[in-house]
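Structure first, commentary second.
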Amino acid sequence: MEVPATVPRPSDPRAARQRRSEPATRPDLVTRLLRRDAPLVPVESAASRGLVGVIAILTFLAALCAGTVELVASSSAQWRSAVGREATVQMRPNPRRNIEADLAEVADLARGTAGVAEVHVVDKAESERMLEPWLGRGLDLSDLPVPRLIVLKLQDGATPDFAGLRALLAERVPGATLDDHGGWVSRLSTMANTVVVAGAVLTLLVLLATALAVAFATHGAMAGNREVVEVLHFVGAHDRFIAREFQRRFFRLGLKGGLIGGCFALGVILVLSFLSASWRESPAGDQIEAMFGALDIGWRGAASAAVIVLLVAAITAVVSRQTVKHFLNRTS
């Protein structure tokens, strides 16, 4: 970087370094030096544009990870809430018994159980429709021993007497099996918590990579502007003044790159949400929505992306300031 002609060059760099602790005698000259067309950290240089691109990519990945964590967490809460409010009784066909009469008796026993609010007997046609995503449409399932289901809607906050209902079913309706979905809830919770922890760890790793990229970029900028830093020391600039200037410029770079990456991440999520809505009418789309939700992160997902953008900008500013201080202390 070319040194302005109005700033005298020091004849002895060691003497210039000794003046760091002295008060700034010409702060107006230092300020004008940093406000010229060639600042300490050129914002429009190729290195700055490259750093903005790297920060944008890393922010995009971090925002996607954060959005995925929020999507999985919300979908898991919905799954557990839906599964926990229901229980099912599976009736296996027995050629020696009338399955319709058994279904009616199971329904009567379930209605008399404490904590059960509603009982729904799934008819044969509905049971066959449940198998269409796996077996396809148009098949004649009349000769197959398709199990029948009875769905029990549970009262909010109630503790149903499943033990008593199981004993009654075993005594009066052979072939009926009660499932309170406790195993499903446990497995869903374990899977969701694993995904959430993995996503959080990936987000932290991406933020760490952002900090390392900013540290290397700041170190390179300091090395490339060593003579300017010496001139600033010569005219009386303190280390904290130089570090503050780097912090301001890198904060702008980090905020710009973070906004670009965050907007791209939100755009990708909106596109996936639109595609999910278009697939929803098909059987495969129903299964995808049942497993992954509607791919709608909601306001909390958008807020998490905004927080990631602000975190990237803050990390960029803090890391650049600390890197400048470390560089100045090492070269003193």
Side-chain angles (χ1 to χ4, degrees), residues 34 39-73 195-226 228-229 232 237-269 297-332:
L34 292 173
L40 268 176
V41 186
V43 180
E44 299 300 328
S45 66
S48 299
R49 289 191 294 270
L51 180 60
V52 169
V54 171
I55 292 176
I57 293 173
L58 294 175
T59 305
F60 172 78
L61 296 176
L64 277 186
C65 290
T68 302
V69 168
E70 172 59 30
L71 179 63
V72 171
V195 174
V196 168
V197 171
V201 171
L202 287 176
T203 303
L204 292 177
L205 289 177
V206 172
L207 294 177
L208 178 60
T210 304
L212 292 176
V214 172
F216 283 116
T218 306
H219 190 275
M222 289 294 296
N225 293 275
R226 185 186 296 269
V228 177
V229 174
L232 291 172
H238 296 287
D239 288 350
R240 61 178 179 272
F241 177 85
I242 301 173
R244 185 169 62 248
E245 290 299 320
F246 272 80
Q247 179 180 1
R248 289 174 180 174
R249 297 195 182 278
F250 274 93
F251 177 79
R252 297 190 188 102
L253 294 178
L255 185 60
K256 181 179 179 180
L259 288 174
I260 294 174
C263 290
F264 268 102
L266 289 178
V268 168
I269 293 174
I297 62 174
W299 68 269
R300 289 188 298 181
S304 63
V307 170
I308 290 295
V309 172
L310 295 178
L311 274 178
V312 168
I315 288 173
T316 303
V318 172
V319 170
S320 63
R321 184 180 182 89
Q322 296 301 320
T323 304
V324 170
K325 288 183 177 180
H326 177 73
F327 182 89
L328 295 175
N329 291 334
R330 192 182 63 179
T331 56
S332 60

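All values derive from a computational prediction rather than experimental measurement. When reading the values below, keep in mind they use all heavy atoms of this one structure, side chains included, and skip hydrogens, waters and symmetry mates. We're numbering straight along the sequence, starting at 1.
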Shortest non-hydrogen contact between Phe250 and Leu51, atoms and distance: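 For Phe250 versus Leu51, the nearest heavy atoms are CE2-CD2, 3.3 Å.
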
Smallest separation among heavy atoms of Ser320 and Gln247, with atom names: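 The pair with the smallest heavy-atom distance is OG-CA, 3.6 Å.
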
Non-hydrogen side-chain atoms of Leu255 and Phe251 separated by less than 4.5 Å: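 Heavy-atom side-chain distance check passes, below 4.5 Å.
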
Side chain proximity check, Ile55 to Val312, heavy atoms < 4.5 angstrom: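 Touching, per the 4.5 Å side-chain cut-off.
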
Do any side-chain atoms of residues 197-220 form donor-acceptor pairs under 3.5 angstrom with protein atoms, and if so which ones, sequence neighbours left out?
unit_1: Thr203; atom_1: OG1; unit_2: Gly199; atom_2: O; d: 2.8
unit_1: Thr210; atom_1: OG1; unit_2: Val206; atom_2: O; d: 2.9
unit_1: Thr218; atom_1: OG1; unit_2: Val214; atom_2: O; d: 2.7
unit_1: His219; atom_1: NE2; unit_2: Arg330; atom_2: NH2; d: 3.0

Nearest-0.5 Å distance, CD1 of residue Ile57 to CZ of residue Phe264: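 Reported value, rounded in 0.5 Å steps: 10.5 Å.
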
From Leu310 atom CG to Thr59 atom OG1, the distance as rounded to the nearest 0.5 Å: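 That separation rounds to 10.5 Å.
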
